[in-house]
Amino acid sequence: MNMNAQELIETLEWRYATKVFNPDRRIPAEDWEALLESLHLSPSSLGLQMWKFLDVRDPAVRSRLREVSWGQPQVTDASHLVVFCARRDFKPEDVQRYLERIVEVRGVAMDSLDQYRARIFELVGSKSPEVLKAWLERQVYIALGFMMSCAADLRVDTCALEGMDPAAYDRILHLENSPYYTLCALALGYRNEEADKYARLAKVRFDRDEVIPAI
């Protein structure tokens with residue numbers, strides 16, 4: 001059944017940045033598969049999907065990541081941990097690979113995509129290296145927000161993590177010589193409501209009319 005408006009607001013009110021997870025409670029396999037698929041289906045500019053998401057399952061690796069994440073317990077205590085990675089660069093081969101995937105999935109002719117190919121290169125070619133880097137990173141944050149929202153729909157708690165040493169993450173996850181680098185991480189699981197004081201605090205937001213003026 002579709003979620004109604006009131007249920008949506010209740011879900012958003014329920015969600016918060018969980019600081020203390022219950023290490024004994026695991027996300028059911030079916031729900032986890034759905035959350036991974038939410039990453040797979042995340043929107044990106046021009047549909048290019050210039051990202052990678054690492055589903056970190058090895059407890060030993062997660063312990064090492066915790067050491068370079070200011071000791072934050074969410075890294076090891078949450079049921080699951082995903083590391084969000086951005087692309088270091090943008091190459092013509094990336095566009096060609098995506099266009100070939102369009103041909104495969106939609107059954108269209110490659111030459112029908114010529115105008116779309118030109119549009120992509122026009123957009124990307126107009127950006128300086130600094131702007132291009134920021135643009136590629138923003139795509140990853142779209143996916144982060146998308147997964148957090150989907151998790152809340154399933155009543156799975158999350159905590160986005162930027163308090164880390166990204167270079168150390170890259171070393172631990174063997175990303176140093178890859179096309180990708182660590183941008184942030186997301187811990188997912190279930191809150192320990194008794195231990196996490198933030199679970200019971202009211203949300204603090206500025207007046208909505210101030211933040212979202214009608215124009």
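Quick caveat: nothing in here was measured; it's all calculated off a predicted structure.
- Met3 and Leu8 make their closest contact through SD-CA, 3.4 Å (heavy atoms, listed as atom of the first residue, atom of the second, distance).
- Of all non-hydrogen atoms in Pro28 and Tyr190, the two that sit nearest each other are CD-OH, 3.2 Å.
- Taking each heavy atom of Ser42 and Phe146 in turn, the nearest pair found is OG-CD2, 3.3 Å.
- With respect to the salt-bridge test (charged N to carboxylate O, under 4.0 angstrom), the residues Arg117 and Asp114 qualify.
- Of all heavy-atom pairs spanning Pro43 and Trp51, the tightest one is O-CH2, 3.3 Å.
- Side-chain atoms of Tyr169 never come within 3.5 Å of backbone atoms of Cys184 as a donor-acceptor pair (strictly under, hydrogens ignored).
- Atom CD of Glu176 sits about 10.0 Å away from atom OG1 of Thr182, to the nearest 0.5 Å.
- When all heavy atoms of Val68 and Ala168 are compared, the closest pair comes out as CG1-CB, 3.6 Å.
- Between Tyr16 and Tyr198, the gap from one ring centroid to the other reaches at least 6.0 Å.
- No continuous path of hydrophobic side-chain contacts links Leu39 to Leu54 [ILVMFWY only; heavy atoms under 4.5 Å].
- Between the Asp196 side chain and the Lys19 main chain, a donor and an acceptor come within less than 3.5 Å of each other.
- Figure legend: Arg87 and Tyr180 shown as a cation-pi pair, the cationic atom lying under 6.0 angstrom from the six-membered ring centre and within 45 degrees of its axis.
- Both Met148 and Tyr141 are members of a single hydrophobic cluster when ILVMFWY side chains are connected at heavy-atom separations under 4.5 Å.
- Annotation: Glu93, atom CD; neighbour count of heavy atoms from other residues, nucleotides and ligands within 6.0 Å is above 12.
- Val82 and Val156 fall within a single hydrophobic cluster, where Ile, Leu, Val, Met, Phe, Trp and Tyr are joined by side-chain heavy atoms under 4.5 Å apart, directly or via other members.
- Under the 4.5 Å side-chain criterion, counting only non-hydrogen atoms from C-beta, Met147 is in contact with Phe84.
- Leu136 and Val95 fall within the same hydrophobic cluster, where Ile, Leu, Val, Met, Phe, Trp and Tyr residues are linked whenever their side-chain heavy atoms come under 4.5 Å apart, directly or through other members.
- The distance from the CG atom of Leu65 to the CD1 atom of Ile172 is 5.0 Å, given to the nearest 0.5 Å.
- Between the Arg66 side chain and the Gly71 main chain, a donor and an acceptor come within less than 3.5 Å of each other.
- A donor-acceptor pair is defined here as one N or O able to donate and one able to accept, closer than 3.5 Å; no such pair exists between the side chain of Gln96 and the backbone of Pro92.
- A donor-acceptor pair under 3.5 Å is absent between the side-chain atoms of Thr11 and the main chain of Ala152, judged by distance alone.
- Between the CD atom of Glu7 and the CG atom of Leu12 there is a distance of 12.0 Å, given to the nearest 0.5 Å.
- For Glu33 (side chain) and Glu30 (main-chain N/O), no donor-acceptor pair under 3.5 Å exists by modelled atom type.
- At a threshold of 4.5 Å between non-hydrogen side-chain atoms, the residues Leu46 and Arg119 count as touching.
- Between Tyr181 and Pro166, the closest side-chain pair of non-hydrogen atoms is not below 4.5 Å.
- Heavy atoms of other residues, nucleotides or ligands lying less than 6.0 angstrom from CZ of Arg97 number 12 at most.
- Taken from CD in Glu67 to CE in Met164, the straight-line distance is 14.5 Å, to the nearest 0.5 Å.
- Looking at Gln49, its side chain never comes within 3.5 Å of a backbone N or O of Ser44 through a donor-acceptor pair.
- A donor-acceptor pair is defined here as one N or O able to donate and one able to accept, closer than 3.5 Å; no such pair exists between the side chain of Ser69 and the backbone of Gln72.
- Contact check on Arg15 versus Asp157 returns no salt bridge, with no Lys/Arg side-chain nitrogen under 4.0 Å from an Asp/Glu carboxylate oxygen.
- In this structure, Arg191 forms a cation-pi arrangement with Trp14, its terminal cationic atom sitting closer than 6.0 Å to the ring centre and no more than 45° off the ring axis.
- Considering all non-hydrogen atoms of both residues, Gln74 and Arg62 come closest at O-NH2, 4.3 Å.
- Linking ILVMFWY side-chain heavy atoms closer than 4.5 Å, directly or via other members, places Trp32 and Val83 in two distinct hydrophobic clusters.
- With a 4.5 Å cut-off on side-chain heavy atoms, Leu123 and Ile120 do not count as touching.
- Listed for the Asn192 side chain is no donor-acceptor partner under 3.5 Å among the backbone atoms of Val20.
- For the pair Lys133 and Glu130, the salt-bridge criterion is not met [side-chain N within less than 4.0 Å of a carboxylate O].
- Here the side chains of Glu100 and Val103 are not in contact, with every heavy-atom distance at 4.5 Å or above.
- A distance of 14.5 Å separates CZ of Arg101 from CG of Leu48, quoted to the nearest 0.5 Å.
- Counting heavy atoms from C-beta outward, Leu183 and Cys85 have side chains that stay 4.5 Å or more apart.
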